[in-house]
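Have a look at the structure below before the remarks.
In listed order, ligands and their atoms are each counted from 1. Worth knowing before you read on, the calculation uses all heavy atoms, side chains too, and leaves out hydrogens, waters and symmetry mates.
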Amino acid sequence: VLKLEPRIAPGILGGLYDYGNTAADSHKLTNAYSTASGATIREGNVTGLESTGGKVDRVMLADGEISCGQVVMAMGPWSRKAEAWLGVYIPVDPLKGEILRLELDSGPINYDISGGGASIYPKLDGLNWCGTTEDWKGFDRSLSEEIAKEIRRRLDRVFPELANAKLAKHTACLRPVTPDWLPVLGQAPGWENVYFATGAGKKGILLSPGIGKSVADLMTTGETTLSIKGYSPERFATQID
Ligand SMILES: Cc1cc2nc3c(=O)[nH]c(=O)nc-3n(C[C@H](O)[C@H](O)[C@H](O)COP(=O)(O)OP(=O)(O)OC[C@H]3O[C@@H](n4cnc5c(N)ncnc54)[C@H](O)[C@@H]3O)c2cc1C
């Protein structure tokens with residue numbers, strides 16, 4: 001371990017070396033999907049859906065509306081908001097995660113490091129993203145000094161230099177988590193033209209190509225060769241009265 005990374009804590013007695021892992025910038029990845037598909041992005045705050053029978057005709061925005069032939073509910077941690085619009089149970093809850101982006105003076109780390117309660121991910125921006133935490137705090141996205149201290153305390157056990165490294169950015173974000181930690185993919189029960197693509201929890205970026213492909217398949221052909229049976233919205237059953 002010391003040969004690979006001499007700055008590792010002296011108390012670390014061994015490690016498992018794995019390779020083939022890589023990193024993506026999720027914002028750029030999303031934009032790349034959009035460009036590749038030829039999509040037009042219309043930003044806005046969705047306030048509801050207008051429907052006729054079991055079919056949604058329009059997505060209502062705070063500042064307008066969009067007519068639609070089909071609609072995908074991909075609202076991440078905020079998915080439950082659509083329960084009232086669709087009358088369908090969508091048990092996706094927000095799991096808060098905080099990350100410290102730290103600068104190292106002594107040069108880049110060449111490996112992701114995970115262990116001893118700490119995760120260290122050297123990223124394309126030259127910073128080391130450290131964390132991450134998991135807290136059920138509703139939609140709270142405030143930055144906690146206590147959590148920051150806890151992350152640094154864990155780093156001290158694994159990579160002491162990072163424990164005191166300069167903070168470039170502290171972030172808090174929400175993961176969309178379901179009761180069985182699996183995504184919700186497929187047609188909304190009772191709706192002809194509504195699909196869910198949500199609940200990917202801690203792995204939504206990694207799973208995004210499969211989520212996008214499978215839901216697009218369902219929308220265009222009614223079936224998919226990808227194995228998504230276990231992710232059906234029906235497993236949470238029941239429509240809300
Ligand atoms: C700290 C942390 C670390 C993570 N690390 C990884 C990782 O290493 N690998 C990985 O694969 N995943 C990781 N994840 C998880 C990943 O970020 C999520 O699974 C993924 O972002 C979920 O994508 P999504 O599109 O379903 O939801 P989101 O990315 O949350 O997108 C939902 C979008 O819907 C919009 N929205 C909601 N309601 C409305 C409305 N009414 N009107 C308009 N827009 C609305 C929101 O503004 C948001 O833009 C991590 C998450 C956290 C918090």
Side-chain angles (χ1 to χ4, degrees), residues 21-34 39 41-50 56 58-66 68 71-86 90-102 112-114 118-125 127-144 147-148 150-151 154 169-178 181-186 194-216 231 233:
N21 199 13
T22 190
D25 177 319
S26 53
H27 187 74
K28 285 187 182 159
L29 181 67
T30 307
N31 282 338
Y33 287 144
S34 164
I41 294 184
R42 158 79 159 91
E43 287 185 32
N45 182 13
V46 178
T47 54
L49 302 169
E50 273 202 7
V56 169
R58 273 185 297 279
V59 174
M60 307 308 293
L61 305 174
D63 60 352
E65 60 180 59
I66 304 171
C68 60
V71 59
V72 182
M73 311 305 293
M75 292 162 64
W78 298 271
S79 295
R80 271 188 191 268
K81 201 165 181 194
E83 287 183 334
W85 304 342
L86 295 168
I90 317 167
V92 175
D93 290 305
L95 179 63
K96 184 179 181 183
E98 294 190 49
I99 290 182
L100 302 183
R101 299 186 196 177
L102 300 171
D112 295 343
I113 299 171
S114 177
S119 307
I120 303 163
Y121 296 103
K123 293 280 188 173
L124 302 167
D125 59 6
L127 298 170
N128 301 287
W129 293 28
C130 302
T132 64
T133 53
E134 296 181 18
D135 288 301
W136 297 104
K137 293 251 168 106
F139 289 95
D140 170 33
R141 290 182 63 185
S142 61
L143 304 176
S144 157
I147 295 280
E150 175 60 20
I151 293 174
R154 292 182 196 177
K169 197 169 185 180
H170 180 177
T171 59
C173 297
L174 304 173
R175 309 169 179 92
V177 174
T178 61
W181 293 81
L182 296 173
V184 182
L185 306 180
V194 181
Y195 295 81
F196 289 124
T198 184
K202 291 160 68 173
K203 291 291 164 223
I205 302 161
L206 184 72
L207 297 175
S208 60
I211 292 176
K213 168 88 170 75
S214 57
V215 174
Y231 311 147

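- For atom 44 (N) of ligand 1, the closest heavy atom belonging to the protein is Gly44 O, 4.2 Å.
- Counting heavy atoms from C-beta outward, Leu61 and Asn45 have side chains that stay 4.5 Å or more apart.
- Taking 4.5 Å as the limit, some side-chain heavy atom of Ile205 sits within range of a side-chain heavy atom of Leu29.
- Looking at atom 9 (N) of ligand 1, its nearest protein heavy atom turns out to be Lys202 O, 3.8 Å.
- Environment of NZ in Lys123: crowded, with over 12 heavy atoms of neighbouring residues, nucleotides or ligands closer than 6.0 Å.
- For the pairing with Met73, the side chain to side chain contact (heavy atoms under 4.5 Å, CB included) check across Val59, Leu86, Val92 returns one residue only, Leu86.
- Of the protein's non-hydrogen atoms, Val46 O, 3.0 Å is the one closest to atom 41 (N) of ligand 1.
- For ligand 1, none of its N or O atoms has an N or O atom of Leu174 under 3.5 Å away.
- Among protein heavy atoms, atom 20 (C) of ligand 1 sits closest to Gly204 CA, 4.0 Å.
- Put simply, atom 31 (O) of ligand 1 has no protein non-hydrogen atoms near it, under 4.0 Å away.
- Distances from atom 34 (O) of ligand 1 to the protein include at least one heavy-atom value under 4.0 Å.
- Nearest protein heavy-atom contact of atom 11 (O) of ligand 1 is Leu206 N, 2.7 Å.
- Within a 4.0 Å radius of atom 52 (C) of ligand 1, the protein has at least one heavy atom.
- Not a single protein heavy atom sits closer than 4.0 Å to atom 25 (O) of ligand 1.
- For the atom pair CZ (Arg42) and CD (Glu65), the distance works out to 10.0 Å, reported to the nearest 0.5 Å.
- Checked against a 3.5 angstrom limit, the closest N/O atoms of Gly201 and ligand 1 fall inside it.
- There is no side-chain donor-acceptor pair under 3.5 Å between Arg80 and Thr198.
- Two residues are said to be in side-chain contact when any heavy atoms from C-beta on lie closer than 4.5 Å; Leu174 and Trp78 meet this criterion.
- Expressed to the nearest 0.5 Å, how far NZ of Lys81 lies from OG1 of Thr47 amounts to 7.5 Å.
- Contact annotation: for Leu95 versus ligand 1, there are no heavy atoms closer than 4.0 Å.
- Checking only distances, Ile205 does come within under 3.5 Å of ligand 1, N or O to N or O.
- Ligand 1 has no atom lying under 4.0 Å from any heavy atom of Ala172.
- Closest of all the heavy-atom pairs between Ser119 and Ser114 is OG-OG, 4.2 Å.
- Taking the side chain as every heavy atom from C-beta outward, Trp85 and Ile90 never approach each other to under 4.5 Å.
- Where the criterion is an N or O separation shorter than 3.5 Å, residue side chain and backbone included, Gly97 fails it with respect to ligand 1.
- Under 4.0 Å from ligand 1, the heavy atoms of Pro176 that appear belong solely to its side chain.
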